[in-house]
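Encoded as C-alpha cells, the structure appears first; notes follow it.
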Amino acid sequence: MDREFFNQDGINVAKQILGKYLIRKYEGKTIVTKIVETESYMGITDKGAHVYGDKKTERTKPLYLEGGHIYVYLIYGMYYCLNVSANNEGIPECVLIRAVEPITNLDEIAFNRFKKEYAQLTNYQKKNITNGPGKLCMALNINKTLNSKSILGDELYISDFYYEGDNKIYSDSNFEIENGKRINIDYAQEAKDYLWRFFIKNNKHVSVNKNK
DNA sequence: AGTTTGATTCTCT
DNA sequence: GAGAATCAAACTA
C-alpha cells in the first residue's frame with residue numbers, strides 16, 4: 001500500500017486493509033499475517049477516540065502525522081495495541097488492527113505467544129493465537145519502538161502480496177465484510193454504537209463474533 | 001505529587 | 001461470566 005492509500009479517511013482505510021497482508025520483519029525474521037478485523041477511530045469529534053476534543057498529547061502525536069504512521073500504545077499496563085494513522089496531516093484519524101490470521105512462520109508466532117512450536121500448541125491456543133489487538137502485538141513482536149514510524153517502511157508494512165520463495169502470492173478479495181459496534185468503549189456515549197468495527201465474515205481469527 | 005483509568009487477556013468457575 | 005493482573009498517561013489540584 002502507498003501513501004495515497006493511507007491518506008483516505010479512516011473508515012475507508014479500515015475496510016480496505018481487510019484481507020491485506022500485515023508483514024513484520026525483525027532480526028532477519030519475516031512473519032506474514034492477514035488482516036481480518038479492524039476498527040476506525042475518527043478523530044477529534046469521536047468520543048471513542050484518544051484524540052477526542054483535539055487532545056494532542058505526547059501519546060497521541062503520531063495520530064496527527066500524515067496517514068500511514070504507526071501508533072502503538074500500552075493498554076491495561078500490559079498489552080500493546082497497533083494502529084495506523086489515516087487521512088491527511090493534522091487530521092488524527094486512525095485504524096486499530098484488532099485481529100490477524102497467521103500465514104507464514106507459524107513457529108515464530110507460536111514462540112512469541114506461548115514459547116512453544118506451533119505443532120505443540122493446543123487447539124485452544126491455535127484458535128486464540130492472534131485474535132485480539134494485544135495478542136497480535138505479542139505474536140508479531142510489536143512494541144513502542146515502532147511508534148510513530150512509517151507503515152511504508154521495512155519493519156512493519158501492509159501489502160497486497162508476499163513472497164513464498166519465488167512465488168508472489170496476491171491477496172484475494174473474495175470475502176464479505178461485516179460490521180458492528182466497536183469493542184470496549186462503553187465510556188464513549190453515543191459513539192459506542194457507531195458501526196465502525198469491520199471484519200471478514202466467517203473468518204476463524206476474528207476476536208468477537210457479534211455485530212450488534 | 002497523588003489518583004484514576006483503560007481501544008485487553010488470562011484464569012478460573 | 002467474573003475478577004485479577006499491572007502501569008503509562010491523563011487528570012486533579
Side-chain angles (χ1 to χ4, degrees), chain A residues 9-11 13-15 17-18 22 33 35-64 67 69-87 92-102 109-116 121-148 151 156 178-199 204-212:
Chain A
D9 75 72
I11 289 174
V13 174
K15 289 182 189 169
I17 62 175
L18 289 176
L22 177 68
T33 63
I35 299 170
V36 301
E37 179 182 356
T38 59
E39 283 178 359
S40 303
Y41 287 86
M42 295 300 287
I44 65 176
T45 59
D46 179 359
K47 289 180 179 173
H50 289 166
V51 295
Y52 175 63
D54 204 11
K55 200 164 60 180
K56 188 173 187 178
T57 63
E58 195 57 39
R59 182 173 72 149
T60 62
K61 268 183 187 169
L63 298 176
Y64 285 81
H69 289 270
I70 296 167
Y71 172 49
V72 175
Y73 68 93
L74 185 66
I75 186 68
Y76 296 107
M78 290 181 250
Y79 301 107
Y80 292 109
C81 288
L82 170 66
N83 296 251
V84 181
S85 71
N87 219 317
E93 298 174 0
C94 68
V95 175
L96 169 68
I97 299 182
R98 283 195 56 88
V100 300
E101 173 181 336
I109 292 173
F111 191 80
N112 287 341
R113 285 279 286 133
F114 303 114
K115 304 288 180 229
K116 289 194 288 189
L121 299 183
T122 64
N123 287 335
Y124 183 79
Q125 287 174 320
K126 287 177 183 173
K127 177 175 174 294
N128 291 289
I129 193 160
T130 53
N131 62 338
K135 297 173 191 176
L136 74 89
C137 285
M138 276 186 265
L140 300 191
N141 190 29
I142 289 167
N143 52 59
K144 283 200 78 172
T145 63
L146 289 166
N147 194 41
S148 77
I151 195 79
L156 180 67
E178 287 212 75
N179 61 357
K181 295 180 183 180
R182 294 176 291 179
I183 303 297
N184 278 338
I185 54 163
D186 291 346
Y187 54 85
Q189 300 172 25
E190 76 277 4
K192 77 177 173 29
D193 296 323
Y194 296 167
L195 302 176
W196 286 348
R197 186 169 74 101
F198 306 98
F199 54 99
K204 304 287 179 289
H205 297 271
V206 168
S207 69
V208 180
N209 279 307
K210 67 173 183 206
N211 58 8
K212 67 167 183 166

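None of these values were measured; they are calculated from a predicted model. Quick note on labels: first sequence line is chain A, next is B, and so on, each numbered from 1.
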(message) Given B:dC10, C:dA5, B:dT8, identify the nucleotide with an atom nearest to the side chain of A:Arg113.
(response) B:dC10
(message) With a 4.0 Å cutoff (strictly under), does any side-chain N or O of A:Tyr71 reach OP1 or OP2 of B:dA7?
(response) no
(request) Could you tell me which non-hydrogen atom of A:Phe198 sits nearest to which non-hydrogen atom of A:Trp196, and how far apart they are? (result) CE1-O, 3.4 Å
(message) Between A:Lys55 and C:dC11, is there a contact of a side-chain N or O with OP1 or OP2 at under 4.0 Å?
(response) yes
(request) Please state how far atom NZ in A:Lys61 lies from atom P in C:dA9, giving the value in whole angstrom units. (result) 12 Å
(message) Tell me if the NZ atom of A:Lys204 is crowded by more than 12 foreign heavy atoms within 6.0 Å.
(response) no
(request) Would you please say whether a donor-acceptor pair under 3.5 Å links the side chains of A:Tyr194 and A:Asn179? (result) no
(request) Would you sketch DNA chain B in dot-bracket for me? Only Watson-Crick or G-U wobble pairs with both distances under 3.5 Å count, crossing pairs as [ ], other-strand pairs as |, the rest as dots. (result) ||||||.|||||.
Pairwise N/O distances under 3.5 Å, protein to nucleotides 11-13 of chain B:
none

(request) Could you check whether A:Asn128 gets within reach of a base, just the sugar-phosphate, or nothing at all, counting any heavy atom under 4.0 Å? (result) nothing
(request) For A:Asp186 and B:dT8, give me the distance from atom CG to atom P, rounded to whole Å. (result) 10 Å
(message) Whole angstroms only, please: what is the OH-P distance between A:Tyr187 and B:dG6?
(response) 7 Å
(message) Does C:dA10 have OP1 or OP2 under 4.0 Å away from a side-chain N or O of A:Thr57?
(response) yes
(message) Quick check on A:Lys15: does its NZ atom have over 12 non-hydrogen neighbours (other residues, nucleotides or ligands) under 6.0 Å away?
(response) no
(message) For a quick check of understanding: with a heavy-atom distance under 4.0 Å over all strands, which category does A:Cys94 fall into, base, sugar-phosphate or nothing?
(response) base
(request) Specify the closest pair of heavy atoms between A:Asn147 and A:Ile70, including all atoms of both residues, with the distance to one decimal. (result) OD1-O, 3.6 Å
(message) Is the positively charged end of A:Arg59 above the ring of A:Tyr73, judged by distance under 6.0 angstrom from the centroid and angle within 45° of the axis?
(response) yes
(message) For a quick test of reading the model: is some side-chain N or O of A:Arg197 closer than 4.0 Å to OP1 or OP2 of B:dA7?
(response) no
(message) Can you tell me if A:Tyr76 is stacked onto the base of B:dT8, using a 5.5 Å centroid cut-off and an angle below 30°?
(response) yes
(message) Measure CG/A:Leu136 against C1'/B:dT8 and give the value in whole Å, please.
(response) 12 Å
(request) Answer yes or no: does a side-chain N or O of A:Asn184 lie under 4.0 Å from OP1 or OP2 of B:dA7? (result) no
(request) Answer yes or no as to whether B:dA7 has its base stacked against A:Tyr41, where stacking requires a ring-centre separation under 5.5 angstrom and planes under 30 degrees apart. (result) yes
(message) What I want to check is whether the side chains of A:Asn131 and A:Lys135 have a donor and an acceptor closer together than 3.5 Å.
(response) yes
(message) Measure CD/A:Gln125 against C1'/B:dT9 and give the value in whole Å, please.
(response) 14 Å
(request) Quickly work out the A:Asn131 CG to B:dT8 P distance and round it to whole Å. (result) 12 Å
(message) Considering every strand and a 4.0 Å limit on heavy-atom distances, what is the contact class for A:Gly132: base, sugar-phosphate, or nothing?
(response) sugar-phosphate
(message) What is the separation between atom CD on A:Glu58 and atom P on C:dC7, rounded to the nearest whole Å?
(response) 21 Å
(request) Check whether any side-chain N or O of A:Lys144 sits under 4.0 Å from OP1 or OP2 of C:dA9, and answer yes or no. (result) yes
(request) Using a heavy-atom cut-off of under 4.0 Å over every strand shown, decide if A:Ile75 touches base, sugar-phosphate, or nothing. (result) sugar-phosphate
(request) Give the nucleotide from the list B:dT8, B:dA7, B:dT9 with an atom nearest to the side chain of A:Lys135. (result) B:dT9
(request) Counting heavy atoms from C-beta on, name the nucleotide in C:dA5, B:dA7, B:dT8 closest to the side chain of A:Met78. (result) C:dA5
(request) Applying side-chain contact (heavy atoms from CB on, under 4.5 Å) between A:Glu93 and each of A:Ile44, A:Asn83, A:Asp9, report the one that passes. (result) A:Asp9
(request) Taking all heavy atoms of A:Glu39 and all of A:Ile183, pick out the closest pair and write down the distance. (result) OE2-N, 2.8 Å
(request) Mind calculating the distance between CD1 (A:Ile129) and P (B:dC10) to the nearest angstrom? (result) 11 Å
(message) For A:Phe199, is there any backbone N or O sitting under 3.5 Å from a side-chain donor or acceptor partner on A:Arg98?
(response) no
(message) Evaluate A:Thr60 against A:Lys55 for side chain to side chain contact (heavy atoms under 4.5 Å, CB included), listing each step before the verdict.
(response) CA-CA 8 Å; A:Thr60 62; A:Lys55 200 164 60 180; 5.5 Å; no
(message) With a 4.0 Å limit, can you tell me whether A:Arg59 has a side-chain N or O closer than that to the phosphate oxygens OP1/OP2 of B:dT5?
(response) no
